Amino acid sequence: MKTSFIPIDYDYFDWQGKNYIIMIGRDDKGKRICVIDTCDIYLWAILNSKIKELKIKELQEKIEKIKLDIKGRKTRVEKVELHDKNFLGEKVKAFKVYATNYKDLHDIADKLGMKEIEKRRGYDLGFVTHNILEKKIIPLNWYEIEGKLLNNSEDFGGIDMAYDVDLCIKLEKSKQIEEKNFKPKILAYDIECDEFKIGEGEILMISLVGENFKKVITWKEQGKKYPNVEMVKDEAELIEKFVEYVRKNSPDFLVGYFSDGFDLPYIKARSEKHQIKLSLGLDDSQPTFSRGIMLTGKIKGIVHIDLLKFIRTAYSQYMQSETLSLNEVAKEFIGDEKKDFKFKHSSKINEDEWEKYFEYNLHDSILTYGLFEKMWPDIVGFTKVMQEPVFDVSRNGMSKNVESYIIHNLEKYNEIPEKRPTHEEISERKQKEKYEGAFVLEPIPGLYEDLAMFDFASSYGSVVVSYNLSKSTLLEKPSKDSYSIEISSKKVYFSKKIGFVPEILKEIINKRKLFKKEFKESEKEDVIKRARSNAYKLLANAYYGYQGFFGARYYSYEAAAATAAFARKSIKEVIEKINKGGYKTIYSDTDSISFLLNGKTESETLKFLENLNKNLPGIMELELEGFFKRGLWITTRAGTAGAKKKYALIDKKGKVKIRGFETVRRDWCKLARTTQNKIIRLILEHGSEEKSMEYAKEIIKKLKSREIPKEDLIIRTQLKKPISEYKSISPHVIAAKKMQEQKIPIDQIGLIEYYIAETPGAKTKLIRDKVKLPDEKGEYNIEYYLNNQILPAIENIFQVFGINAKELVDGKKQMTLGEF
DNA sequence: ATATACACGGATCCCCTATTTCC
DNA sequence: GGAAATAGGGGATCCGTGTA
């Protein structure tokens, strides 16, 4: 039997004591194929360098005789081979110790505690990863496979009959082939319930959306007919219907939004209550959930995707949306939003409101479906780059992705993989003192004309590569021919012989450059190339964080601290050169520098940049971020110091770039934000403050005469932990308490909305005593919004021009008094 | 459990001192 | 007149949210 094959989902099973991998995928005709395979199972025992030849042989024989009896299952070491390998860049001799079952490796490792064996490695990767490493059948790549067709076969306990697939093949040969077109079958789903707590309420409806498939299943509001709505008799039947439709559609991907934490566990809990088997898996198995705080729901053969998780790692840092709610994310990515429906308990929904509810439910699945389609190229890109199954890649954070990438690229360096840190190691690492981070230059407040901004491309990444900073290149003793730098008054040294970790990163940066160039030069927009370029970009950026992350296999405090130190040194040197070159630096943060052109032309400045680059070490490179017509820096709220991480720029085309100001902060009311934004824009456009002052006066007047709609005064703050854990009872905590009392559900993100009201007769002057929920009756507190929202947002901007905004606020008050 | 440090600023917390209240 | 209650100032801390 020979066929094409694209693996999508990976799982494993035991048969007669041996591990087998099971890959579910498609052929180029769209047939669903199940492929069974296995590989050598082994761990590495690294030998002490002082061990004698003779002793090695003896030890090998001893290990070969190891027998295990685990919970009544008898097994043994199959064979032992001696190999020349590298571990953390050092040449080592290591035994490759073979076993029958991956699960036994741990127990075998425990028996290898002899003093001649220095380290035991490679038994904590997981069988799926191990198999991908061994057999190189990488998710979402195309293969031509050959093997035995299993048809009503007894092999593997009749697995071909258990799985609902078109073909089941025991793999014998495989080779990677050219990319073929693959359009995944997608089914998006969403549920609506009365209670937000998992399983506490009833599921009212479930919507499902696939290609040419739209359905809402419900047991509420029977009797009437609605488009796309199918009525069933009760909740139990609703769940059964859901299972039936998933099975009928037989998707490759079942996609939800926050479905790991809500929809799937909810359905599971309700099905348990009704004692219904939730046979969603291709082998009729039920979804399983990983333990731990963050749930993940897995369905055999169908990849369950929680899009929220992928968005969080892959996009959130570059997104405009203030929250990752389905509504905002859909708006940003596909220009569509949720249907309007005000959440109510089902008992309070009028007959004529149900149709809206059904539409709302269906539309959520439509949005989820649309988002998945939009993100599919990136999901493919990530999966192929990290070489891990889609299920994992779509959920993993960037540190895990970095690690996957390293693990799957060790072979070139003949490296044995490092182990995961133990709990003790993790707590030790966590206790380490924080090292000094980025350098931020205090700006000189003011409004400036004609500026340029330079920044380092992949700053920290290029530092790691240029100075060879990693766990394996850190030298124990000072050495002359090495890179050295001081971290917290201690000198550290790194070898100049390039380590495999910096080399892998160098490759990432190079590939990123290559793919970026490729997709920019491609005639029509090539989403796949763009996605791959993006995956490498994110990897390069996450690399530095990974080295400093306590859970990392290749953690290195010294390398991380040295990276920050070298970066500080580099940027300070560049600032000096810029100032010596006749420019004037205004501000700098981490890897970017803004400076005044001081009458120099743009082409002169570009030439200057070229020269700067000639003298930078290694692969470090400065880029032009842009030329700007004007720029604004202000003081901190407290004093005369220039405020860091806050500035606004306008370019020649009038495009404004605002960083750090209240304008971009979601915990300020809309009025303060839009007012500040407008004022900044007016100042940048006109180069003076008159127009913006007029505008400010007008807003203040409107606020005082209560002309501002309440929605512009709503303050949004995220509740980040359970109410009881707050030591400091701030306004948003009070608002959350009120919501709890009034049984208003707090959304999944925990965004709390409130406004500050006039509360005559209030005893204290605490803001929290004036908190009211948006729906609560009351008048907004003029004093508060003037002094705590508008004034702080504009005061320091006007201070640049020597204007006291406080007088603007108060002075206006007298005038309005005069008007009456 | 799941990348890092730096930074701002509101609001509360908490301690101290001064003032007011009460007997 | 002296003790207790209250008010207010100011630094420390908590908290959320940004920049890079």
Side-chain angles (χ1 to χ4, degrees), chain A residues 291-294 309 312-313 317 322-323 392 395-404 420-421 423 426-427 429-430 434-443 455-456 458-460 538-539 541-553 555 557 559-561 563-565 567-568 571 587-593 625 634-638 641-647 657-668 672 715-721 725-734 750-752 756 763-771 784 787-789 792-793 795-796:
Chain A
R291 276 167 290 157
I293 286 175
M294 275 318 278
K309 286 190 175 157
R312 194 178 284 151
T313 40
Q317 66 178 126
E322 279 167 18
T323 69
D392 304 280
R395 285 172 175 78
N396 289 341
M398 273 325 281
S399 85
K400 187 74 210 221
N401 283 334
V402 169
E403 195 154 280
S404 297
R420 274 201 301 261
H423 283 293
I426 288 178
S427 49
R429 291 174 183 184
K430 276 181 170 171
K434 290 200 163 165
Y435 56 81
E436 194 181 338
F439 168 70
V440 189
L441 179 76
E442 187 188 313
D455 61 6
F456 279 106
S458 303
S459 161
Y460 281 141
L538 287 169
L539 263 185
N541 290 345
Y543 217 98
Y544 155 74
Y546 171 79
Q547 289 209 128
F549 166 50
F550 54 79
R553 287 173 195 258
Y555 170 83
Y557 178 88
T563 308
R568 285 195 301 273
I571 195 117
Y587 179 60
S588 166
D589 183 350
T590 312
D591 60 1
S592 75
I593 304 158
E625 167 67 26
I634 66 169
T635 66
T636 60
R637 192 93 173 87
K644 297 167 175 179
K645 305 209 181 266
K646 252 186 169 181
Y647 61 86
K657 177 173 173 167
I658 298 178
R659 290 291 124 95
F661 275 104
E662 284 73 7
T663 300
V664 301
R665 296 179 62 90
R666 70 167 183 208
D667 55 349
W668 285 72
I715 298 164
R716 288 175 189 83
T717 315
Q718 200 178 359
L719 193 70
K720 293 209 153 187
K721 54 190 176 191
E725 281 176 30
Y726 278 89
K727 286 182 188 165
S728 183
I729 311 302
S730 42
H732 81 290
V733 178
I734 289 292
L751 211 60
I752 307 293
I756 303 302
K763 280 175 240 106
T764 60
K765 56 173 204 175
L766 294 175
I767 308 293
R768 65 172 173 215
D769 295 327
K770 295 174 186 152
V771 166
Y784 173 82
N787 293 327
N788 296 45
Q789 293 278 329
E795 195 172 24
N796 298 80

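Chain A is the first sequence line, chain B the second, and so forth, proteins listed ahead of strands; every chain is numbered from 1. Since the model is a prediction, treat every value here as computed from it, not as a measurement.
Annotation: A:K644, atom NZ; neighbour count of heavy atoms from other residues, nucleotides and ligands within 6.0 Å is above 12. Heavy atoms from other residues, nucleotides or ligands lying under 6.0 Å from NZ of A:K721 number more than 12.
Of all nucleotides listed (C:dT17, B:dC6, B:dC13), B:dC6 comes nearest to the side chain of A:V440. Closest to the A:T590 side chain, of the nucleotides B:dG10, B:dT12, C:dA20, is C:dA20. Of the candidates C:dG18, B:dA5, C:dC15, C:dG18 carries the atom nearest the A:V664 side chain, counting heavy atoms from C-beta on. Listed nucleotides: B:dA7, B:dA1, C:dT17. Nearest to the side chain of A:F550: B:dA1. Side-chain proximity of A:W668 to the nucleotides B:dT2, B:dT12, B:dG10 is greatest for B:dG10. With B:dC13, C:dT17, C:dC15 as the choices, the nucleotide that has an atom nearest any side-chain atom of A:Y726 turns out to be C:dC15.
Residue contacts shown for A:E436 are limited to sugar-phosphate atoms, with no base heavy atom under 4.0 Å away.
Both A:I729 and A:F549 lie close to DNA chain B; mapped to their nearest nucleotides by heavy-atom distance, the more 5′-ward contact belongs to A:F549.
In terms of phosphate contacts, A:N541 brings no side-chain nitrogen or oxygen within less than 4.0 Å of OP1 or OP2 of B:dA3. Taking side-chain N and O atoms only, A:K644 has a distance below 4.0 Å to OP1 or OP2 of B:dA7. For the pair A:K721 and C:dC15, the criterion of a side-chain N or O lying under 4.0 Å from OP1 or OP2 is met. Here A:H732 reaches the OP1 or OP2 of C:dG16: one of its side-chain N or O atoms lies under 4.0 Å away. Neither OP1 nor OP2 of B:dC8 sits under 4.0 Å from any side-chain N or O of A:R665.
Remark: A:Y647 OH to A:F661 CZ distance equals 10.5 Å, nearest 0.5 Å.
If you take CZ of A:R716 and P of C:dG16, they are 17 Å apart, rounded to a whole angstrom. One interatomic measurement links the two molecules: CG of A:N788 to C1' of C:dG16, which rounds to 16 Å at whole-angstrom precision.
Counting all heavy atoms, side chain and backbone alike, A:S588 lies closest to A:I593 at OG-CG1, 3.9 Å.
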